[in-house]
Amino acid sequence: MTSSSALSSTQRTLGTAKIKITTKCNRHCDFCIFAEGGQGENMPMDTFTQVLDRLGQIPFRQLHINGGEPTVHRDFVGLSGLARDRFPDRVMVLGSNAITLARNERLLEATLTHYDQVLIGCDEEHENYDEVRAVIPVLRNAGKTVVINSVLEAIAPDRLARLAALCDEYGAIHVTNHVHHIDVGQPTNDLGGLCDRNVDQHLMIEVDGDCYRCFNAMAKNDSEFTVWDDDFAAKVFAPRRAHYDFCLKCHEYRDSGLQVVPAPAARRPASV
């Protein structure tokens, strides 16, 4: 069976395809596992083009560009335009700390032109309150969906309240979460069935092409395949039969009650 026929028979659609275009960042958050400061690596433009070609093989709803801090990629404007041109009907999402957006008009204009949603991490670790206050009105006035995410372990209650009020004023969405992708001493989960939290929800593609079907499962040994595999499209939707290593500590683990996720579809009885 070819990849295309396998997809058409299951009729499944990926929620979000995320491309990590850089591991460089202008912040050094202690809880971040996705960035390497100024010593990181940028995804080359030709590699990014090939990744878009591979994504063209599968159905998905959102294309999320992140890092690292994606706006520090030297080709951020070109990459963003290329992605929008290639997938004009998909929701384009930018994950950023907004620091560069507040300081560089060209990058802010590219964001306004190419992206539908902007997700911004904001807390004491990011040290970006002034920049967030500057960009939220601009993004909202342009009709962009803005989601501000604060890690509760990294923000003071009074600051959290002020940030929530700012979001209310401009119609941005404010969400909070715990540090769920690293071990900070949280209790271990009682793992039963496989987690259904991210079934057909996320595909994360790293700078080197390694793929993860859960955004929280970022240990190298949790990568199940690469974007360069000949059967990449089929592997995106292949059933999962084992927990990821980090499921034991993840705040977002949700027991599906199943040993194979998704469960095999029941066969229809033969017609007579």
Side-chain angles (χ1 to χ4, degrees), residues 13-22 25 27 29 32 34 52 55 59-73 76-77 79-123 125-126 128-152 155 159-178 180-181 197-198 200-205 215-216 252:
T13 299
L14 187 68
T16 301
K18 300 188 179 187
I19 307 176
K20 180 189 285 191
I21 64 171
T22 185
C25 190
R27 282 294 182 266
C29 301
C32 185
F34 305 116
L52 295 183
L55 287 177
F60 64 94
R61 298 187 182 93
Q62 292 188 349
L63 181 59
H64 185 158
I65 304 299
N66 72 347
E69 171 51 44
T71 61
V72 303
H73 192 299
F76 171 74
V77 174
L79 294 172
S80 300
L82 183 64
R84 172 55 82 190
D85 290 344
R86 180 63 189 271
F87 299 110
D89 59 336
R90 312 299 164 87
V91 176
M92 285 277 291
V93 183
L94 174 65
S96 174
N97 59 31
I99 294 171
T100 312
L101 297 180
R103 301 174 182 178
N104 188 307
E105 186 174 348
R106 175 172 170 266
L107 299 182
L108 180 58
E109 280 300 320
T111 300
L112 296 174
T113 300
H114 301 303
Y115 291 90
D116 304 295
Q117 302 179 13
V118 182
L119 314 184
I120 303 172
C122 184
D123 41 51
E125 286 287 330
H126 286 96
N128 58 344
Y129 294 108
D130 291 341
E131 289 83 2
V132 168
R133 279 196 295 268
V135 301
I136 284 181
V138 178
L139 294 170
R140 291 296 299 135
N141 287 339
K144 307 301 178 183
T145 298
V146 178
V147 180
I148 307 298
N149 180 36
S150 300
V151 174
L152 290 171
I155 189 169
R159 183 83 78 170
L160 186 66
R162 293 200 299 272
L163 191 56
L166 177 68
C167 290
D168 286 342
E169 180 180 357
Y170 290 100
I173 300 167
H174 186 221
V175 299
T176 61
N177 64 275
H178 295 282
H180 54 254
H181 49 259
R197 178 71 175 82
N198 290 293
D200 292 354
Q201 183 174 354
H202 295 306
L203 174 69
M204 181 70 184
I205 303 174
F215 193 44
N216 298 337
E252 295 188 334

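Note that the structure is predicted; figures quoted are calculated from it, not measured.
Here L55 contributes atom CG and L63 contributes atom CG; the two are 6.5 Å apart, rounded to the nearest 0.5 Å. One distance of note links CZ of R106 with OG1 of T111; it measures 11.0 Å at 0.5 Å rounding. Note that CG of D85 and NE2 of H114 are 7.5 Å apart. Values are rounded to the nearest 0.5 Å. Distance check: I148 CD1 to Y129 OH gives 11.0 Å after rounding to the nearest 0.5 Å. Atom CG of L52 sits about 5.5 Å away from atom CG of L82, to the nearest 0.5 Å. Distance OG/S150 to CZ/R159: 10.5 Å, rounded to 0.5 Å.
Without hydrogens or angle criteria, N141 side chain to P137 main chain gives a donor-acceptor distance under 3.5 Å. Side chain of D123 to backbone of V151: a donor-acceptor contact under 3.5 angstrom is found. Although no hydrogens or angles enter the test, the distance criterion places a donor-acceptor pair under 3.5 Å between the side chain of R140 and the main chain of Y170. Within the 3.5 Å criterion, the main-chain N or O of N97 finds a donor-acceptor partner in the side chain of N128. Under a 3.5 Å cut-off, the side chain of R61 and the backbone N or O of V91 do not form any donor-acceptor pair. Between the side chain of K144 and the backbone N or O of Y115, at least one donor-acceptor pair lies under 3.5 Å.
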- Could you please spell out the steps behind the side chain to side chain contact (heavy atoms under 4.5 Å, CB included) verdict for V135 and V146? CA-CA 10 Å; V135 301; V146 178; over 6 Å; no

- Task: Tell me, with the steps shown, if D200 and T13 meet side chain to side chain contact (heavy atoms under 4.5 Å, CB included).
- Result: CA-CA 7 Å; D200 292 354; T13 299; over 6 Å; no

- Task: Check the pair S96, E69 against side chain to side chain donor-acceptor pair (under 3.5 Å), reporting the backbone distance first and the verdict last.
- Result: CA-CA 6 Å; S96 174; E69 171 51 44; 2.9 Å; yes

- Would T16 and Q62 count as a side chain to side chain donor-acceptor pair (under 3.5 Å) if you check the C-alpha gap in whole Å, the side-chain angles of each, and the deciding distance to 0.1 Å? CA-CA 5 Å; T16 301; Q62 292 188 349; 3.3 Å; yes

- Could you walk me through whether T145 and I173 pass side chain to side chain contact (heavy atoms under 4.5 Å, CB included), step by step? CA-CA 8 Å; T145 298; I173 300 167; 4.2 Å; yes

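Side-chain atoms of H174 and L163, non-hydrogen and from C-beta on, do get closer than 4.5 Å to each other. Between I120 and N149, the closest side-chain pair of non-hydrogen atoms is not below 4.5 Å. Looking at heavy atoms from C-beta onward, M92 lies out of side-chain contact with Q117 at the 4.5 angstrom threshold. For the pair L166/I136, a side-chain contact is recorded, criterion being any heavy-atom separation below 4.5 Å from C-beta on. For the pair H73 and L79, the minimum side-chain heavy-atom distance is below 4.5 Å. Contact of the V93 side chain with the L119 side chain is registered, since non-hydrogen atoms from C-beta on lie closer than 4.5 Å. Contact check for T176 versus L160: side-chain heavy atoms found under the 4.5 Å cut-off.
The shortest heavy-atom contact between I99 and H126 is CD1-O, 4.0 Å. Pairing each heavy atom of F76 with each of P70, the nearest pair is CD1-O, 3.5 Å.
Aromatic ring orientation, H64 versus F215: tilted (interplanar angle from 30° to 60°).
Taking 4.0 Å as the cut-off between side-chain N and carboxylate O, R84 and D116 count as a salt-bridged pair.
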